[in-house]
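Worksheet for the structure shown next.
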Amino acid sequence: MIKCPRTVVCYICGREYGTKSISIHEPQCLKKWHNENNLLPKELRRPEPKKPEIRTITAKGFYDLDALNEAAWTSAQSQLVPCNICGRTFLPDRLIVHQRSCKPKAAK
């Protein structure tokens with residue numbers, strides 16, 4: 001049985017990173033999020049994502065990575081904005097691009 005390295009989900013972007021590199025990634029990701037959020041129109045700007053406060057410690061003295069990852073994934077997904085035409089969800093900066101080509105479904 002091959003054991004994969006443990007990963008941690010970023011609460012900002014939802015991507016997986018190694019347990020050592022997540023502490024490097026998160027500040028950079030938050031800075032990038034602020035830069036991108038400031039470029040959006042005022043109606044699409046989002047409040048800053050909050051880091052989940054799940055600190056369940058297992059019997060062996062380690063953090064419960066599954067609970068932490070679930071909370072981080074939920075946090076990342078809550079930042080998605082629905083398209084007012086088709087209802088699909090996107091990051092706010094990608095919604096603008098999507099809406100250029102999104103058309104309502106034609107009635108048959």
Side-chain angles (χ1 to χ4, degrees):
M1 181 178 193
I2 299 173
K3 186 175 180 181
C4 296
R6 295 295 299 200
T7 57
V8 180
V9 175
C10 173
Y11 72 97
I12 302 163
C13 65
R15 293 186 178 130
E16 293 184 12
Y17 291 89
T19 54
K20 301 285 186 196
S21 60
I22 191 71
S23 61
I24 298 167
H25 167 77
E26 282 181 353
Q28 294 173 345
C29 191
L30 189 58
K31 185 176 180 181
K32 179 181 176 188
W33 182 91
H34 278 291
N35 290 341
E36 290 175 355
N37 197 47
N38 291 337
L39 295 175
L40 293 172
K42 288 204 182 282
E43 66 274 4
L44 288 179
R45 289 188 187 165
R46 309 294 289 169
E48 181 177 322
K50 300 292 181 216
K51 187 169 186 165
E53 289 297 324
I54 301 232
R55 295 290 181 227
T56 310
I57 299 189
T58 62
K60 292 184 177 180
F62 296 109
Y63 289 120
D64 184 358
L65 280 182
D66 293 331
L68 187 62
N69 284 343
E70 184 63 34
W73 177 251
T74 304
S75 174
Q77 294 301 301
S78 70
Q79 296 176 54
L80 300 178
V81 180
C83 172
N84 56 3
I85 299 169
C86 67
R88 289 176 55 199
T89 56
F90 297 89
L91 289 170
D93 62 322
R94 303 314 304 158
L95 178 64
I96 297 167
V97 176
H98 165 76
Q99 286 178 331
R100 286 187 215 142
S101 62
C102 186
K103 310 236 182 320
K105 289 187 176 181
K108 291 184 179 180

I need the minimum non-hydrogen distance between T7 and E16, along with the two atoms involved. OG1-OE1, 2.9 Å
Side chains of L40 and E36 in contact at under 4.5 Å (non-hydrogen atoms): no
Do you know the tightest heavy-atom contact between V9 and A72? O-CB, 3.3 Å
Quick one: does N37's side chain have a donor or acceptor within less than 3.5 Å of a partner on R46's backbone? yes
ring-ring contact (aromatic ring centres under 6.0 Å, His included) contacts touching residues 72-94 (sequence neighbours left out): F90-H98
Any side-chain heavy atom of I22 within less than 4.5 Å of one from H25? yes
Pairwise side-chain contact, P92 with R45, heavy-atom cut-off 4.5 Å (strictly under): no
Quick one: which residue pairs count as a salt bridge (charged side-chain N to carboxylate O under 4.0 Å, His left out) with a foot in residues 22-31, not counting sequence neighbours? E26-K51
Side-chain donor/acceptor of R15 to backbone N/O of C10, under 3.5 Å: no
Same hydrophobic cluster for I12 and Y17, using side-chain heavy-atom links shorter than 4.5 Å among ILVMFWY? no
Roughly how far apart are T89 OG1 and Q79 CD, rounded to 0.5 Å? 12.0 Å
For the residue pair L80 and L91, establish whether any side-chain heavy-atom pair is separated by less than 4.5 Å. yes
Minimal non-hydrogen separation, I85 against P104, with atom names: CG2-N, 3.7 Å
Are any side-chain N or O atoms of S75 and backbone N or O atoms of A71, one a donor and one an acceptor, separated by less than 3.5 Å? no
Minimum heavy-atom separation for P82 and G87, please, with both atom names. CB-O, 4.0 Å
Are Y11 and W33 connected, step by step, through hydrophobic side chains (Ile, Leu, Val, Met, Phe, Trp, Tyr) whose heavy atoms are closer than 4.5 Å? yes
